[in-house]
Amino acid sequence: MEKITSLAKRRGFVFQSSEIYGGQNGAWDYGPLGIELKNRIAGAWWKEMTQLHDDIAGLDAAILMHPRTWEASGHVENFTDPLVDCKKCKSRFRADMIPEENLTAKKCPDCGGELTDTRKFNLMFKSHIGPAEDTASVIYLRPETAQGIYVNYKNIIQSNRMKIPFGIAQIGKAFRNEIVTKNFIFRTCEFEQMEMQYFVKPGTDEEWFNEWRKRRWAYYEKLGVKMDHLRWHQHGADELAHYAKDAYDIQYLFPMGWRELEGVHNRTDYDLGRHSQFSGKDMQYIDQDNNNERYIPYIIETSAGLTRNVLMILCDAYDEEKVADKGDADDIRTVLRFHPNLAPVTVAVLPLMKKDGLAELAQGIRAELKEDYATDYDQSGAIGRRYRRQDEAGTPFCVTVDYQSKEDGTVTLRFRDSMEQIRIPKAELAARIKQEIKGYKRIK
Ligand code: GAP
């Protein structure tokens, strides 16, 4: 993880938030390569959910919601972590994350000092809206994006003439006052989620739950993720969230071990039932194709962390490889083996020399490729070093422009994974890259 964190900073994927003030715990900034990667991951998910599913509509709901939302959802009452403090060193722990014997003996795992009793700590960030700081002005930062979908479900049925079963997809920020925020961007206080809520007829929920598990698994396979680094984990009774009848996590083998990447939950009619009760509005679905049968739909939720997916994709892509391309048999290259659809830069254009018109020629090629691809241009340093810089950024294709290019209009196309180089006419570049992306297979 240290290597990935350091590469992420060095190459401008992720920076510590407010670093010049010593950093802000639980918050991170996405640099030029990081925001591209995050946008591509979000784009892949969005395409999967909306473009490839006729029965799913998109939404972007506000982060600030009426505070009754969070009473109805159960978050005010139930969204808590058990917390203990050390009276001596003042460290704070999640009671469920320290060894049982420390908890029983009330002994700090760090300094051996005495621990306080366990208390419940609500994870929602609370603030006030408007000038008065009283109970009437309390407002929360949403701890999950899902509730924005539930309160809009009738609007979407009406505006889009949706019929059950159907889904609503949303990507957006969520906030949790996490007590433990280690492991880089794995668990943070400010993060992004990609959530899809699928509304189904009660009684068909288990079938749809299994179907969405299958689809989410296939999605990661399509992204080119190492499938032996993914596994299912079913929630035991003690792990189930207050709204869930059944839940499975897709776990990924991160450098610190197996951890949750995404959850698939059967939320039953809990959320819509509660919103109906708290708002006084009828949340029933009227099945016009079935004698106007009325019911509160069950909800199957797929909930993935976007920022956690960024970490997963970084870990999954990270590779160090012994290469001998510079004459040293022990030379190691660091390479991010991103799927070309996720790579922040798809193609880098590199003139062999700055002089003799090669730079101008290379810039012209870049300008043409820009229309179709995210490009980079680099003219400084030895060509081998420039390739390595692109390998580290995960750029799948490099185009090198040399003296022969001036004569016959051909260029070198270099492939990141195999380091193979081929010579092709520059006019064929865009089409060849497209073909390579379509047929991309991970080799390592
Ligand atoms: N709407 C259901 C829900 O929010 P969750 O299991 O609490 O369920 C879903 O969160 C996903 O959101 C997780 O699998 C994880 O990827 C991401 N996530 C949750 N808390 C996070 C945090 N503090 N930092 C980063 N990602 C988080």
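Start at 1 and go down the list; that is how both ligands and their atoms are numbered.
Per-residue contacts place H265 under 4.0 angstrom from the following atoms of ligand 1 (heavy atoms of the residue considered): 2 (C), 8 (O). In the vicinity of E195, heavy-atom distances shorter than 4.0 Å reach the ligand 1 atoms 1 (N), 2 (C), 3 (C), 4 (O). For ligand 1 and E262, the ligand atoms under 4.0 Å from any heavy atom of the residue are 14 (O).
Counting heavy atoms from C-beta outward, K107 and L115 have side chains that stay 4.5 Å or more apart.
The existence of a salt bridge linking K201 and D287 is excluded, since no basic side-chain nitrogen approaches an acidic carboxylate oxygen closer than 4.0 Å.
By heavy-atom distance, the residue among Y252, F175, F191 lying nearest atom 27 (C) of ligand 1 is F191. For atom 4 (O) of ligand 1, the choice among Q147, R176, E301 with the nearest heavy atom turns out to be R176.
At least one test fails for R176 against the ring of F125: distance under 6.0 Å to the centre or angle within 45° of the axis.
Taking distance alone, with nitrogen or oxygen atoms compared against 3.5 Å, T307 stays at or beyond that limit from ligand 1. Looking at R187 next to ligand 1, no N or O pair under 3.5 Å apart turns up.
Under 4.0 angstrom from ligand 1, there are no non-hydrogen atoms of N309.
Contact analysis puts Y243 in contact with ligand 1, with a non-hydrogen atom separation below 4.0 angstrom. In this structure, R267 is part of the shell of residues with a heavy atom less than 4.0 angstrom from ligand 1.
Checked options D205, D55, T302; the residue passing with Y198 is D55 (criterion: side chain to side chain donor-acceptor pair (under 3.5 Å)).
Heavy atoms of other residues, nucleotides or ligands lying less than 6.0 angstrom from CD of E77 number 12 at most.
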